[in-house]
Amino acid sequence: MTIGILIIAHAPLAHALRQSVLHVFPDSASVLAAVDIQPNLSPEESLATARIAMAQLDTPQMLVLTDMFGATPCNVAQKLVDGLNNKLIAGVNLPMLLRAITYRHEPLDTLVGRALAGGVQGVMPVAITAPQNQARRRHDQSDHDHQQ
């Protein structure tokens with residue numbers, strides 16, 4: 001069974017994340033929907049839009065991902081999920097979403113765990129190092145002196 005994935009986030013993040021996933025997994029368009037929460041719409045209007053997107057996915061189970069706990073997208077999403085057939089995760093990032101798409105055929109609770117792991121593992125400090133087999137360039141002021 002395939003689980004539908006619905007992204008609800010501040011505009012234009014939801015659609016941007018969806019497009020990024022479709023770049024990697026173009027065959028997942030039918031199970032991945034996005035709702036951008038517009039600043040000029042009421043929460044009720046946003047909820048109606050999200051319900052339509054959820055119905056269009058037409059899957060018996062759904063993972064809903066939002067960008068930030070406590071903000072309007074998450075508040076809208078909380079009204080959609082039941083905790084049994086639909087689960088909600090706040091703090092979506094691209095590694096989380098790619099992991100969720102990859103494992104969308106697994107049971108919902110397993111998928112939630114995999115998505116969370118992908119999101120956490122995708123966040124890391126990155127050191128700036130010299131390319132392999134190349135010495136670091138030193139800044140020598142004399143190289144940049146110009147005479148007029």
Side-chain angles (χ1 to χ4, degrees), residues 1-140:
M1 168 178 45
T2 297
I3 296 171
I5 299 173
L6 175 61
I7 309 161
I8 303 175
H10 292 89
L13 183 58
H15 276 89
L17 285 169
R18 183 177 188 272
Q19 286 305 113
S20 296
V21 170
L22 294 179
H23 176 76
V24 180
F25 296 104
D27 63 329
S28 64
S30 64
V31 296
L32 179 62
V35 174
D36 284 316
I37 301 299
Q38 302 295 331
N40 57 340
L41 292 181
S42 71
E44 293 77 22
E45 291 171 301
S46 297
L47 179 58
T49 302
R51 281 195 171 124
I52 291 168
M54 195 173 200
Q56 287 175 338
L57 282 174
D58 192 31
T59 57
Q61 293 188 313
M62 183 142 339
L63 177 60
V64 180
L65 304 170
T66 67
D67 53 356
M68 193 169 113
F69 179 77
T72 302
C74 188
N75 295 338
V76 166
Q78 284 180 297
K79 294 177 182 174
L80 292 175
V81 299
D82 60 14
L84 299 173
N85 294 315
N86 309 305
K87 301 280 182 157
L88 173 60
I89 299 175
V92 67
N93 60 28
L94 188 55
M96 175 189 291
L97 190 51
L98 291 170
R99 182 78 60 96
I101 286 293
T102 300
Y103 294 102
R104 67 187 180 270
H105 301 291
E106 293 194 6
L108 184 58
D109 287 334
T110 303
L111 179 61
V112 168
R114 290 196 185 270
L116 287 170
V120 170
Q121 292 168 1
V123 177
M124 65 187 76
V126 178
I128 304 300
T129 59
Q132 191 173 9
N133 299 325
Q134 291 184 12
R136 245 182 205 271
R137 297 178 87 186
R138 287 187 353 195
H139 178 70
D140 187 356

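The figures here come from the full heavy-atom set of this structure, side chains too, leaving out hydrogens, waters and symmetry mates.
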Starting from the C-alpha separation in whole Å, work towards a yes-or-no answer on side chain to side chain contact (heavy atoms under 4.5 Å, CB included) for Leu13 and Ile7. CA-CA 9 Å; Leu13 183 58; Ile7 309 161; over 6 Å; no
Please determine which of Leu63, Thr59, Leu65, Leu80 meets the side-chain contact (heavy atoms from CB on, under 4.5 Å) test together with Leu6. Leu80
Do Leu57 and Met54 make a side-chain contact, defined as non-hydrogen atoms from C-beta onward lying under 4.5 Å apart? no
Within this structure, what is the CG-CG distance for the pair Leu17 and Leu97, rounded to the nearest 0.5 Å? 6.0 Å
When you compare the side chain of Leu108 with that of Asn86, does any pair of heavy atoms fall below 4.5 Å? no
What's the separation between atom CD in Glu45 and atom CG in Leu47, rounded to the nearest 0.5 Å? 11.0 Å
For the student: nearest non-hydrogen atoms of Thr110 and Glu106, plus distance: CG2-OE1, 2.8 Å
Return the CD to CG distance between Gln61 and Asn85, rounded to the nearest 0.5 Å. 5.5 Å
What is the minimum heavy-atom distance between Ala77 and Thr66, and which atoms define it? CB-CG2, 3.5 Å
Could you give the distance from NZ (Lys79) to CZ (Arg51), rounded to the nearest 0.5 Å? 8.5 Å
Least distance between heavy atoms, Ala115 atom then Ala100 atom: CB-CB, 4.2 Å
Verdict with reasoning, Asp109 to Lys87, per side chain to side chain contact (heavy atoms under 4.5 Å, CB included): CA-CA 8 Å; Asp109 287 334; Lys87 301 280 182 157; 3.0 Å; yes
Side-chain heavy atoms of Phe25 within contact of Thr102, under 4.5 Å: yes
Heavy atoms of Pro95 and Gly118 approach each other most closely as CB-O, 3.4 Å
Looking at every heavy atom in both Pro107 and Ile3, which two are closest together, and how far apart are they? C-CD1, 3.9 Å
Find the distance between CG (Asp82) and CE (Met62) and round it off to the nearest 0.5 Å. 10.5 Å
Minimum-distance pair of heavy atoms, taken over all atoms of Ala90 and Cys74: CB-SG, 4.3 Å
Can you tell me how far the OG atom of Ser28 sits from the CD1 atom of Ile101, to the nearest 0.5 Å? 4.5 Å
Quick one: does any side-chain atom of Arg18 pair with a main-chain N or O of Ala29 as donor and acceptor, under 3.5 Å? yes
Report the C-alpha separation of Val21 and Leu98 in whole Å, then their side-chain angles, then the decisive distance to 0.1 Å, and conclude whether the side chain to side chain contact (heavy atoms under 4.5 Å, CB included) test is met. CA-CA 6 Å; Val21 170; Leu98 291 170; 4.1 Å; yes
Residue that, paired with Ser46, satisfies side-chain contact (heavy atoms from CB on, under 4.5 Å) out of Val76, Asn75, Ile8: Val76
Heavy-atom side-chain contact between Asp36 and Thr49 under 4.5 Å: no
